[in-house]
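Taking it in order: structure first as structure tokens, then the write-up.
Convention: sequence-line order gives letters A, B, ...; per-chain numbering from 1.
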Amino acid sequence: MGTVRTRFAPSPTGFMHLGNLRSALYTYLYAKHNGGRFILRIEDTDQARYVPGAVDVIYNTLRGIGIRWDEGPDIGGEYGPYVQSERKDLYLPYAKQLVEAGKAYYCFCTKDELDERRAESEKKGEVWKYDKHCLNLPKEEVERRIAAGEPYVIRQNVPESGEASFDDIIYGHISVDCSELDDMILIKADGMPTYNFANVIDDHTMGITHVMRGNEYLASTPKYNLLYEAFGWEKPVYIHMTPIMRDAQHKLSKRDGDAYYEDYISKGYLSEAIVNYVALLGWNPGDEREFFTLPELEKAFSVEGMSKSPAIFDPAKLTWMNQQYIKNLSEEDFTRYAMPYYKQAGVDGMNTSILFKCLHERVDVFTAIPGIVGFLTSLPDYDISLFTNKKSKTDPGIAASVLDLAIPALENLPAWDETAVHDLLLGMAQERGMKNGTMLWPVRIALAGQEVTPGGAIEIAMLIGREESLRRLHAGREKLREAGY
RNA sequence: GGCCCCGUGGUCAAGCGGUCAAGACAUCGCCCUUUCACGGCGGUAACAGGAGUUCGAUUCUCCUCGGGGUCACCA
């Protein structure tokens with residue numbers, strides 16, 4: 001076989017959720033791993049469902065995760081056009097070719113008639129299948145009715161018996177009896193091809209060698225193969241992919257708004273982390289590695305590692321992975337990502353190196369930053385019970401004396417830098433034979449006004465500066481005094 | 001309902017006839033530590049059920065059960 005060509009063929013009907021994203025990713029990875037080409041095709045044969053701007057969402061999402069396509073609507077290619085509505089004149093001749101060969105036929109049954117017959121058979125508890133009502137219409141009658149402007153569709157003529165089958169790379173041989181298959185519509189009354197037909201024609205005329213798509217098409221693929229056979233075309237290799245589930249019984253879907261790629265980005269997730277996590281949902285490299293860049297995925301990807309069963313999306317693990325990526329960010333990159341949130345919290349004027357030191361190992365999602373650093377800009381109204389900590393051997397009484405010691409010493413400190421404050425505070429603790437915690441806990445509480453903080457007393461003192469630190473320390477001392485300490 | 005597919009801990013997932021059934025997330029405990037977090041160590045936790053094939057089944061076959069998909073002039 002020649003060059004591998006795969007395609008991602010979304011319909012512009014909404015947004016890209018993580019399931020779509022992963023399908024695109026795997027399709028891309030398969031092509032790239034095999035030195036092939038990845039094609040982007042827009043399937044918009046259903047005008048009624050067209051959503052303006054949806055194509056841009058597709059472009060932006062793919063670009064956002066670093067996928068580049070070798071051929072597509074915006075960049076063209078030798079198999080264009082890459083938008084189905086622009087190829088609409090292409091399909092009818094192929095359908096007619098099938099009619100000539102007896103593999104398809106014109107059908108004049110109206111939708112109403114069909115609904116009626118369908119309802120009738122369902123009432124009898126039967127499974128409805130098109131009854132081939134129009135299959136044997138005389139040629140002259142067909143021509144006369146077409147000439148008279150009567151609406152028609154073209155249907156595939158599926159054999160009444162025999163086996164239709166195909167081989168799937170992941171699922172193996174799948175076969176179904178032709179009697180189970182319906183004579184599906186190829187060309188709709190509006191002259192447009194159905195998705196099924198357009199898909200086959202496009203995949204063939206675009207030279208797609210590996211058809212990768214969701215496994216909801218598993219059941220209809222035998223029909224596609226019948227079409228390939230009717231045309232005498234070489235069949236593509238099929239690779240059906242599992243869906244990503246929200247829970248055991250529901251796929252991630254457009255209804256789950258938070259499953260959109262863009263939403264995760266705006267929630268403070270890193271594109272690289274999303275790609276990495278999603279790639280591992282339904283595929284494994286065969287070894288213990290779990291961190292992959294896109295290029296590394298291109299190298300490692302193989303269908304052997306693809307799962308046959310659906311995977312449930314686990315937000316907790318995505319968050320964990322995001323944290324791993326954030327942890328490994330350089331100070332510069334971290335600060336760039338964090339800056340909008342610094343601004344939001346009003347800490348953008350503070351020392352970003354110290355912020356980085358305090359935050360980069362604890363932030364799992366960037367949007368969490370304002371909540372974590374809020375105390376830096378405004379001192380929370382806290383209770384003196386916070387001064388009590390067993391392990392640090394401190395309570396309000398001890399805190400009062402520690403602050404009486406620390407405040408004047410800090411006020412007299414010539415330089416306000418990390419080393420100076422550190423040496424001063426710890427030096428005092430050592431002199432008096434107290435635990436570091438006994439010294440630092442009260443200071444930190446007075447400085448922060450909350451029990452849990454990023455960074456310790458010294459970092460906080462640096463961040464908020466000398467003046468504010470002293471003000472807060474005095475306030476803390478005052479608070480204790482009011483309580484009788 | 002017919003047909004097709006799937007079924008290892010809460011989740012992802014290795015395993016492809018012989019393993020004390022990996023690893024990761026989550027969870028619990030301990031340690032480190034000026035809090036939290038990070039990190040380190042350890043624990044709890046799974047082959048859906050039943051027949052068969054075999055000296056031996058998580059692995060192969062069949063049935064049951066469970067879940068999903070599909071049966072449109074939607075894609």
Side-chain angles (χ1 to χ4, degrees), chain A residues 9-11 13 43-46 48-49 84 107 109-111 114-115 118 122 125-129 151-155 168 170-172 174-177 179-182 184-190 192-196 198-199 214-222 240 242-243 245 247-251 277 280-284 286-288 290 305 307-321 323 327 358-364 372 386 389 391-392 394 422 425-426 429 435-445 448 450-459:
Chain A
S11 36
T13 57
E43 308 219 333
D44 60 347
T45 52
D46 184 14
R49 276 226 247 167
Q84 276 185 341
C107 170
C109 295
T110 65
K111 202 162 184 206
L114 253 22
D115 288 345
R118 189 184 351 252
E122 273 167 8
E126 294 167 2
V127 182
W128 163 259
K129 223 181 87 179
Y152 66 87
V153 301
I154 295 178
R155 284 182 183 274
D168 186 273
I170 315 193
Y171 291 97
I174 292 176
S175 77
V176 53
D177 197 283
S179 63
E180 300 289 339
L181 271 21
D182 200 9
M184 68 175 176
I185 289 173
L186 270 20
I187 300 290
K188 299 186 271 190
D190 63 2
M192 290 285 263
T194 53
Y195 164 82
N196 304 288
N199 219 260
N215 71 2
E216 64 265 32
Y217 298 108
L218 224 36
S220 48
T221 302
H240 284 91
T242 58
M245 310 293 282
D247 56 47
Q249 31 274 111
H250 306 278
K251 289 202 232 194
Y277 173 68
L280 257 19
L281 248 195
W283 172 79
N284 80 83
D287 57 33
E288 298 288 82
E290 54 184 353
S307 172
K308 278 178 143 176
S309 48
I312 298 173
F313 173 67
D314 181 5
K317 188 149 187 182
L318 202 215
T319 299
W320 168 81
M321 181 149 277
Q323 183 175 18
K327 215 168 58 179
C358 295
L359 295 173
H360 83 117
E361 279 186 348
R362 67 190 309 129
V363 168
D364 49 13
I372 297 175
L386 287 192
N389 181 266
K391 246 184 77 188
S392 296
T394 174
H422 175 273
L425 260 19
L426 296 208
K435 292 183 67 166
N436 290 343
T438 312
M439 183 78 226
L440 292 165
W441 180 281
V443 174
R444 189 177 61 84
I445 293 301
Q450 64 186 32
E451 188 169 18
V452 173
T453 59
I458 295 154
E459 286 84 10

With both distances kept under 3.5 Å, what pairs with [N], Watson-Crick or G-U wobble?
| N | value |
| --- | --- |
| B/G29 | B/C41 |
| B/U35 | none |
| B/G52 | B/C60 |
| B/A24 | B/U11 |
| B/G66 | B/C6 |
| B/C73 | none |
| B/G17 | none |

Exercise. Under the side-chain hydrogen bond (donor to acceptor under 3.5 Å, both in side chains) rule, what pairs show up with a residue in residues 308-317 of chain A, not counting sequence neighbours?
Worked result: none

Taking the side chain of [X] as its heavy atoms from C-beta onward, which of [options] lies nearest to it?
| X | options | result |
| --- | --- | --- |
| A/Val452 | B/C5, B/U35, B/A37 | B/U35 |
| A/Glu180 | B/A75, B/C3, B/C38 | B/C3 |
| A/Glu288 | B/G69, B/G23, B/U35 | B/G23 |
| A/Lys308 | B/C6, B/A72, B/A75 | B/C6 |
| A/Lys188 | B/C73, B/C6, B/C25 | B/C73 |

Please confirm whether the backbone N or O of [Y] pairs with a side-chain atom of [X], one donor and one acceptor, at under 3.5 Å?
| X | Y | result |
| --- | --- | --- |
| A/Arg444 | A/Glu451 | yes |
| A/Asp182 | A/Met184 | no |
| A/Lys129 | A/Ser179 | yes |
| A/Lys435 | A/Lys391 | yes |
| A/Ser11 | A/Asp44 | no |

Indicate, with a heavy-atom threshold strictly under 4.0 Å, whether [X] touches base, sugar-phosphate, or nothing.
| X | value |
| --- | --- |
| A/Val176 | sugar-phosphate |
| A/Glu451 | base |
| A/Thr242 | nothing |
| A/Cys109 | base |

Exercise. Between A/Asn199 and A/Glu43, does any side-chain donor sit less than 3.5 Å from a side-chain acceptor?
Worked result: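 Their side chains do contain a donor-acceptor pair, which is all the 3.5 Å distance test asks for.
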
Exercise. Nearest nucleotide by nearest heavy atom, which residue falls closer to the 5' end of RNA chain B, A/Trp320 or A/Pro454?
Worked result: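 The 5'-side residue here is A/Trp320.
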
Exercise. Mapping A/Lys129 and A/Asn389 to their closest nucleotides on RNA chain B, which lands nearer the 5' end?
Worked result: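 Here A/Asn389 is the residue nearer the 5' end.
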
Taking only nitrogen or oxygen atoms into account, show me every contact under 3.5 Å that the protein makes with nucleotides 32-34 of chain B, one pair per line with its distance.
residue: B/U33; atom: N3; partner: A/Lys391; partner atom: NZ; Å: 3.4
residue: B/U33; atom: O4; partner: A/Lys391; partner atom: NZ; Å: 2.5
residue: B/U34; atom: O2; partner: A/Ala457; partner atom: N; Å: 3.4

Problem set entry | Those residues that, when tested against A/His422, pass ring-ring contact (aromatic ring centres under 6.0 Å, His included) (two or more places apart) | none

For this session: Return the set of residues passing ring-ring contact (aromatic ring centres under 6.0 Å, His included) with A/Trp441 (not counting sequence neighbours), or none when no residue passes.
Result: none

Using the [atom1] atoms only, state how far [M] lies from [N], rounded to an integer number of Å.
| N | M | atom1 | answer |
| --- | --- | --- | --- |
| B/G2 | B/U61 | C1' | 24 Å |
| B/G17 | B/G10 | P | 27 Å |
| B/G67 | B/A45 | C1' | 22 Å |
| B/U58 | B/G18 | P | 11 Å |
| B/U27 | B/A37 | P | 11 Å |
| B/C3 | B/G50 | P | 26 Å |
| B/C5 | B/C63 | P | 12 Å |
| B/G9 | B/G49 | P | 10 Å |

For this session: Mark up nucleotides 59-67 of chain B, 5' to 3', with B wherever a protein heavy atom is under 4.0 angstrom from a base atom, S wherever such an atom reaches only the sugar-phosphate, and - elsewhere.
Result: --------S

Problem set entry | Annotated protein contacts, base or backbone, on nucleotides 10-16 of chain B with a non-hydrogen cut-off under 4.0 Å, one of B, S, - each | -SSSS--

Do the side chains of [Y] and [X] get nearer than 4.5 Å, heavy atoms only?
| X | Y | value |
| --- | --- | --- |
| A/Thr242 | A/Trp283 | no |
| A/Pro243 | A/Asn215 | yes |
| A/Asp115 | A/Arg118 | yes |
| A/Ile372 | A/Leu359 | yes |

Find the distance [X]:[atom1] to [N]:[atom2] and express it as a whole number of Å.
| X | N | atom1 | atom2 | answer |
| --- | --- | --- | --- | --- |
| A/Asn215 | B/A75 | CG | C1' | 15 Å |
| A/Ile174 | B/U70 | CD1 | P | 14 Å |
| A/His240 | B/C6 | NE2 | C1' | 15 Å |
| A/Asp177 | B/C3 | CG | P | 11 Å |
| A/Asp182 | B/C3 | CG | C1' | 13 Å |
| A/Ile187 | B/A72 | CD1 | P | 19 Å |
| A/Asp247 | B/G68 | CG | P | 9 Å |
| A/Tyr171 | B/C4 | OH | P | 15 Å |

Problem set entry | Shortest non-hydrogen separation from A/Val443 to A/Ala457 and the atoms involved |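 Nearest heavy atoms, A/Val443 then A/Ala457: CG1-CB, 4.0 Å.
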
Seminar exercise, completed: What one should report as the nearest heavy-atom pair of A/Phe313 and A/Pro315 is O-CD, 3.5 Å

